[in-house]
Amino acid sequence: MIAALLFAAATLAAKVSVSIREWNLPVPRSRPHDPAVGADGALWYTAQQANAIGRLDPASGVIKQFPLTTPNSGPHGLASDPAGNIWFTANYAGYIGKLDPKSGAIAEYKIADPRGKDPHTPVIAADGRIWFTVQEGNVVGVLDPKSGAINLVAVPTPHALPYGMVIDTKGMPWFCEFGANKLGRVDPAAMQVREYVLPDGARPRRLALARDGAIYYSDFARGYLARFDPSSGAVKEWPSPGGSASHPYGIAITPDGIVWYSESGVSPNTLVRFDPATAAFQTWPIPSGGGVVRNMAATKDGRLYLACSGVNKVAVADIR
């Protein structure tokens, strides 16, 4: 019976086809850091070293880059709001930015508190507020675009390095503590952080929210994919196919519930598929090598958008 089930799972997995298309960016050594799905369905990305926000139309292959106003802003993470504005973290210049794609205008919301000097990953809540992590400052912040007010809350663990972030279905922001074996959750009303301990040695780097409310994270240090249950605090882990030094990094979940992530410690970088129903893995090499896929995003129609930092490319994974 067990053998039959395994054979069936393998047969289903074998039918998955992945095609990865890549595009060179217009400015050499741009270091595309993070991708995002725009309200228009386009692939948006931060060109960190080119000091720009970029847009790829996957249908035509046309790329347009929008230069930022402040030199050396170091755009890092980004997210699209329902109106199509692109919000981003200026990692080198300590502000939260908003790009209006229609006009190219950039609005800057400076973080006055010196702890907010290096904003990292932004997410947009249902109420329109922008939550973000601050890695070296060891805080989590929230911007109210209506008033421009920014509030920060300290992470209890010293040098926790707040990193990847998601907002759950209850409106609670969750974040990785890349400098510790913990996840954190912010109570938006009280502005208090609660920490959840993970297995010894874990170093969670990015998060993805599943339909059932579970949080999957990439354990960069130990080479694991893991599932965290917010209701019980239970953690389940699976060794990544590339081994203990595979450095799982960017992660996303497609609408069908499949977990996807990249192994940045293997050459070439791989795109990994994990089916929670069968616990089966599959891997595909990234044609260019990837050059460290730091983040990825899933579209509504089940594609994946990738930023391939070290090879100056962005990519689309078409899954069939």
Side-chain angles (χ1 to χ4, degrees), residues 5-6 8-10 12-13 15-16 18 36-37 79-80 82 121-127 131 133 140 162-178 181-189 193-199 202-220 222-241 248-263 271-283 295-305 317 319-320:
L5 288 174
L6 291 174
L12 289 172
K15 294 180 180 179
V16 178
V18 174
V37 182
S80 175
T121 298
V123 291
I124 303 176
D127 63 5
W131 290 86
T133 52
V140 173
Y163 211 91
M165 193 177 219
V166 296
I167 295 181
D168 68 19
T169 56
K170 298 178 182 178
M172 297 284 189
W174 291 80
F175 61 94
C176 294
E177 297 188 18
F178 185 46
N181 62 321
K182 297 177 182 179
L183 297 182
R185 187 192 72 185
V186 184
D187 180 333
V193 174
R194 178 181 176 182
E195 297 179 302
Y196 297 79
V197 178
L198 305 176
R203 289 296 181 269
R205 197 153 192 181
R206 294 286 189 184
L207 302 174
L209 182 68
R211 292 177 297 185
D212 63 0
I215 294 173
Y216 284 82
Y217 64 85
S218 51
D219 184 345
F220 187 85
R222 297 164 64 236
Y224 279 86
L225 171 68
R227 179 187 186 275
F228 173 80
D229 183 346
S231 62
S232 66
V235 175
K236 187 171 184 180
E237 300 179 307
W238 298 268
S240 196
Y249 203 161
I251 187 171
I253 298 177
T254 42
D256 58 2
I258 299 297
V259 181
W260 298 83
Y261 66 96
S262 177
E263 294 177 318
L271 179 62
V272 183
R273 178 186 188 271
F274 174 77
D275 185 345
T278 62
F281 286 90
Q282 282 183 283
T283 64
N295 210 351
M296 64 177 69
T299 67
K300 292 180 180 178
D301 61 0
R303 292 174 295 157
L304 295 168
Y305 289 171
I319 303 161
R320 296 178 180 85

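In this structure, K182 and P204 approach most closely via the heavy-atom pair O-CG, 3.4 Å. In terms of heavy atoms, A226 sits closest to E237 at CB-CG, 4.0 Å. Minimum heavy-atom separation, D187 to M172: CA-SD, 4.1 Å. In this structure, A36 and A79 approach most closely via the heavy-atom pair CB-CA, 4.4 Å. The two residues I253 and A208 have their closest heavy-atom pair at CG1-CB, 3.7 Å.
Two residues are said to be in side-chain contact when any heavy atoms from C-beta on lie closer than 4.5 Å; F281 and D275 fail this criterion. Side-chain contact check for P173 versus R185: every heavy-atom pair is 4.5 Å or farther apart. You'll find the side chain of L183 reaches within 4.5 Å of the side chain of L207, heavy atoms only. Two residues are said to be in side-chain contact when any heavy atoms from C-beta on lie closer than 4.5 Å; L225 and E263 fail this criterion.
If you look at W131 and F175, their ring centroids are not closer than 6.0 Å.
Not a single salt bridge (charged side-chain N to carboxylate O under 4.0 Å, His left out) links D168 to another residue, sequence neighbours left out. With sequence neighbours excluded, the residues satisfying ring pair (Phe, Tyr, Trp, His ring centres under 6.0 Å) with Y249 are F220.
Using cut-offs of 30° and 60° for the angle between ring planes, the W174 and Y196 rings count as tilted.
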Q: Evaluate the criterion side chain to side chain contact (heavy atoms under 4.5 Å, CB included) for residue pair L271 and T283; output intermediate values, then yes/no.
A: CA-CA 6 Å; L271 179 62; T283 64; over 6 Å; no
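Checking side-chain atoms of D219 against main-chain N and O of R203 turns up a donor-acceptor pair under 3.5 Å. Remark: the backbone N or O of P255 is paired with a side-chain donor or acceptor of R211 at under 3.5 angstrom.
Applying the side-chain hydrogen bond (donor to acceptor under 3.5 Å, both in side chains) test to pairs two or more places apart or on separate chains, those with a residue in residues 252-262 are S240-Y261, T254-D256, T254-W260.
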